[in-house]
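Note that the structure is a prediction, hence the values are computed from the model and not measured. Naming: A, B, ... by sequence-line order, numbering from 1 per chain. Computation of the quantities below employed the complete heavy-atom set of this structure, encompassing side-chain atoms and omitting hydrogens, waters and symmetry-equivalent molecules.
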Amino acid sequence: MAEEKELLRYNPAPIESKWQERWAADPKMYAAEGPDCVKPKYYVLEMLPYPSGQLHMGHVRNYAIGDALARYMWMRGYNVMHPMGWDAFGLPAENAALKNNTPPREWTLANIAAMKRQFNRLGMAFDWSTEVTTCLPDYYRWNQWFFLRMYEKGLVYRKKSKVNWCPECATVLANEQVIDGCCWRHEDTKVELRDLEQWFFRITAYAEELLDDLAKLDGWPEKVRTMQRNWIGRSKGTEIDFFLEEKVDQGPGTEGATLAQDDKRVRIRVFTTRVDTIFGATSVQLAPEHPVVARLSASNPALRVKVTELLEEQKKAREGGDVGAIEKHGVPTGRFAINPYSGERVPIWVGNYVLMDYGTGAIMSVPAHDERDFEFATKYGIPIRQVIKPVQEAEGSESLPFVSEDGVLVNSGEYDGLTCLQAQKLLQESAARQGFGEAKVIFRLKDWGVSRQRYWGTPIPMIHCPKDGLVPVPEDQLPVLLPEKIEITQTGGSPLGRVPEFVNVICPKCGGPARRETDTMDTFVDSSWYFYRYIDAKNSSAPFSRVRAEYWFPIDQYIGGVEHAILHLIYSRFWTKMMRDLGMITNGEPVERQFSQGMVIKDGAKMSKSKGNVVSPDDMVARYGADSTRMYSLFAAPPDRDLDWQEDGVAGVSRFLARVWKLSTAHEGVVLKGHDFSRAGSGDSISGALASEGSSSPIEKKLLRKMHQTIAKITKDFEGRWHFNTCIAAIMEYVNELQAADAQLSSGEVAAPAVEQMLKNLALLLAPFAPYLAAELWEQLGGDGSILRHPWPESDPGLAKEDEIEIPVQINGKLTTVVKVPAGSDAKAIEAAALADPKVQLRIAGKTVVKVIVVPGRAVNLVVK
RNA sequence: GCGGAAGUGGUGAAAUGGCAAACACACCAGCCUUAGGAGCUGGCGCCCAAAAGGCUUGCGGGUUCAAGUCCCGCCUUCCGCACCA
């Protein structure tokens, strides 16, 4: 007795370890076939993790989603590519090295081994034969190869620039890695601005295309597309030259007297989106770092002091992350600029709110038609001149600033009376004709600074020769290997600079002594193209084969956290376009469909070590099993929403799986006994045919109906909206019905072949969500071969249909009762049934039915007076 | 300020414009028992002792025979961008 009970008890641990072993013994199981495969291809990809040593719940969720999809697609007969790898370069390895005195490589590889064990324990269906580890020379040599290709194409350059410097990381950060003025890795560390020689990728060469192609990415979340659109920040406008005034007509002893001759033709180029307001420009504002400011303040120490102050304010605000919050300050230079259209002279100011790195670093200030200019002019008593009138003269109260483009020009000479848009066009044409301006599109997107002064990254394959300048490392000398033995410190520049064997090289051009570049590449370089490497991971003569890329790309489905919506996904798109232009691939976008899953939350906050609300996947797996842990992460919320982690919920899913186990094992005898006569050559891919013999009992029909409905629901969700939470709920409902019919399942009231069909399909439906249990039940039920490659069950619409349906009856829109009618009843029959209902009769007694709306199969509404 | 998403029971949530709260969790009552982190039965939005009935999807309007769902305005929360000229 006790033994029997023990048998019926669901215990995930032995089941899961049994299957884990079997799967490990069959490494080909998850391998994709080559481009000559007759099956349609499906490339499902989840973002590769950083090998910190520990998977967290966000990972579990991410990979549970992708794994469910991959398994489903296998069952649907696709040639599935489902790879995994490691984003293995990066600073934490160096920090760990400092802390534990472990070499970064060792630390990283150990972490990878640990996380791989976790992946396998969770039952993730990854093809490890294509594993990519970005910190290994096999991989990073191709980063260097790409770098050289891009250098040849003029897509790599070097320049001195203000860079974001994280004192904690002791390295430079890309703009994309600065969040609210702080380092993306160190939320409390303010980023400083420093001047350094840096390597850049010319991503701005693709700004227009990166923006335009977003429109084509209709398989991407709108949110991600919008974020990228804002990030690229296209702005259409006009550049116009104001001229520094030649004659300075002021008294003797003023600054003007010292004016040098070459000031005469100095141009101050401004960028504006509203050139139509230019007749209202009453000052020109320069960024503190603008070259003309340096020139004007050279002979004016008082001005120089003021400018330094403004610059300081700006810098502080930038480092504080809230540039918008600083108080607007400015200082007049005492000099004037000439408006090229009107010849008017306007004062030149320096403003702390004008940014050198956006537009031209100079603006024309039109107080009447711009909020900021208005505020500034009011503060400093600069004239405010209205030059745009609303189209419909809102009488009297002309409240300024009037910023709408819906207006007509006034006080604008020959342009008076034109609409804003007409005027913009004519003014641009006029400027171009006279050579003092042009139409211009500018972007917020900046070139991608890829230099890092760190050790644990891809060495940049360049050589500095005192004679030949910058010399690329010849291709046959790749890879430039990272030296293994190295002392890691966080100060004093790149650690590589202190390794003489690394630094000192022979110049490939002149053969003389030269120095190797000691910067390494941003790790986002690694992750910009890793998914191309998966398809040809062992290729030693090229990053990947073109034929394979043409077969596998674009990726059918990419899944990852929304935190990568800008950085990683923009870089990846850029890299794909760049490779296309190198002739390596034909696709212009890497990813067909992109999915951003929500965060995992606990107690109202994102799980994080600092908040102390981390739940360890290992813990959950140990307590409830991998199936329960994965399945809960899919059941608790739709995948795109944030998920509130509640351990009670995991226990609930675990109890559900226990019920499934009990149900299936309790009736497996019926299945196995009935097997001999049920398999008339059709294998166990059971169709609905056996149920339509006409001899089946009502309960059997009912259960089969539920089964077909459940199959239909889940299939539809996989194809479309991915609400796996309701898929699992549907399976629960199905199991609840089966369980309620427990007695009939064993009594023969439900025929053995039907029981077999119901239980086998239950295992198949569970396969994407709870792979261990599904495999075990499949085997116990005598299922053929691997469940992973068994065809997904098909729903028979005829059998899924209800015989009788309930129709809600409303009177004047208010629910009154529900009537039962045969399925497929027409409007007339439904109306009759509704009117015949006693409750309805009571309600309409003495009143007139004005109108009857019948939506067959849906509802009836009686409009009554 | 601009852009995006969301707001439904005690909780996570569900609902092609057609019975709001499916499926779970928690809780309550009962049963069972060699007691388990078990199992089974029932209850569980709010008002009302119960029934009958009424009310209920952030707030206010609108469209519609019918609105959680569509439209307009507002409030709140979260996310992204932000003196971007």
Kindly indicate, with the supporting measurements, whether the criterion salt bridge (charged side-chain N to carboxylate O under 4.0 Å, His left out) is fulfilled by A:Glu222 and A:Arg225. CA-CA 5 Å; A:Glu222 193 50 50; A:Arg225 291 200 280 172; 3.0 Å; yes

The test is ring-ring contact (aromatic ring centres under 6.0 Å, His included); show your working for A:Phe656 and A:Phe635 and say whether it passes. CA-CA 12 Å; A:Phe656 165 70; A:Phe635 177 62; 8.2 Å; no

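Counting only heavy atoms from C-beta on, A:Trp231 has its side chain closest to B:rC81 among B:rC25, B:rC81, B:rG18. If you check B:rA85, B:rG12, B:rC23 against the side chain of A:Asp644, the one that comes closest is B:rG12.
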Using a 4.0 Å heavy-atom cut-off to protein, can you give one letter per nucleotide of nucleotides 3-8 of chain B, 5' to 3': B if the base is in contact, S if only the sugar-phosphate is, - if neither? SS----

Do nucleotides 62-69 of chain B as a string where each nucleotide becomes B, S or -: B if the base has a protein heavy atom under 4.0 Å, S if just the sugar-phosphate does, - if no protein is that close. ---BS---

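The phosphate of B:rA22 (OP1 or OP2) has no side-chain N or O of A:Asn736 nearer than 4.0 angstrom. In terms of phosphate contacts, A:Arg444 brings a side-chain nitrogen or oxygen within less than 4.0 Å of OP1 or OP2 of B:rA82. A sub-4.0 Å separation between OP1 or OP2 of B:rC40 and a side-chain N or O of A:Gln739 is present. Note on A:Arg655: a side-chain N or O is less than 4.0 Å away from OP1 or OP2 of B:rA26. For A:Ser235, a side-chain nitrogen or oxygen approaches OP1 or OP2 of B:rA85 to under 4.0 Å.
Separating the P atom of B:rA38 from that of B:rC44 is a span of 23 Å, rounded to the nearest Å. One C1' atom belongs to B:rU63, the other to B:rU69, and the distance between them is 13 Å to the nearest Å. Distance check on atom C1': B:rG18 versus B:rG68 gives 13 Å, rounded to whole Å. Separation of the C1' atoms belonging to B:rC2 and B:rU56 is 36 Å when rounded to the nearest angstrom. Using C1' as the reference atom, B:rG45 and B:rU34 are 42 Å apart when rounded to the nearest Å. Here, B:rC27 and B:rG60 have their P atoms 35 Å apart, quoted to the whole Å. The C1' atoms of B:rA24 and B:rA14 are separated by 11 Å, rounded to the nearest whole Å. To the nearest whole angstrom, the two P atoms, one in B:rA66 and one in B:rC19, are 15 Å apart.
Across A:Phe769 and A:Cys727, no two heavy atoms sit closer than the pair CZ-CB, 4.1 Å. Nearest heavy-atom pair across A:Ile363 and A:Phe271 is CG2-O, 4.4 Å.
Using a 4.0 Å heavy-atom criterion, one finds that A:Phe635 contacts the bases of the nucleic acid, with or without backbone contacts as well. Residue A:Arg721 is classed as a sugar-phosphate contact, given heavy-atom separations below 4.0 Å to backbone atoms only. Using a 4.0 Å heavy-atom distance criterion, A:Gly233 is classed as making no nucleic acid contact.
With its glycosidic angle within 90° of 0, B:rG9 adopts the syn conformation.
Using modelled atom types, one finds a donor on one side chain and an acceptor on the other under 3.5 Å when comparing A:Arg659 with A:Asn736. Residues A:Gln424 and A:Asp276 have side chains that bring a donor and an acceptor to within less than 3.5 angstrom of each other.
Closest-nucleotide positions on RNA chain B for A:Ala362 and A:Leu815 were compared, and the one nearer the 5' end corresponds to A:Leu815. Where A:Phe443 and A:Tyr632 meet RNA chain B, the nucleotide closest to each residue was compared, and A:Tyr632 sits on the side nearer the 5' end.
Summarising the geometry, the separation between CG on A:Asp742 and C1' on B:rG39 is reported as 13 Å, rounded to the nearest angstrom. If you take OH of A:Tyr10 and P of B:rG39, they are 13 Å apart, rounded to a whole angstrom.
Taking the six-membered ring for Trp and the full ring otherwise, A:Phe436 and A:Phe242 have centroids separated by 6.0 Å or more. Taking the six-membered ring where the residue is Trp, the centroids of A:Trp448 and A:Phe524 are separated by 6.0 Å or more. Remark: aromatic rings of A:Tyr624 and A:Tyr10 are distant, center separation not under 6.0 Å.
Under 4.0 Å is where a charged nitrogen must lie from a carboxylate oxygen, and between A:Lys602 and A:Glu647 no such pair does.
Looking at A:His369, its side chain never comes within 3.5 Å of a backbone N or O of A:Val403 through a donor-acceptor pair.
A tilted orientation is assigned to the rings of A:Tyr380 and A:Phe376, their planes being inclined by 30° to 60°.
Between the base of B:rC19 and the side chain of A:Glu806 there is a donor-acceptor pair shorter than 3.5 Å.
With a 3.5 Å limit on both pairing distances and Watson-Crick or G-U wobble geometry required, the stems of 3 or more pairs in RNA chain B span B:1-7 with B:75-81, B:10-12 with B:23-25, B:27-31 with B:39-43, B:45-47 with B:53-55, B:58-62 with B:70-74.
Distance check: A:Ile232 CD1 to A:Leu211 CG gives 5.0 Å after rounding to the nearest 0.5 Å.
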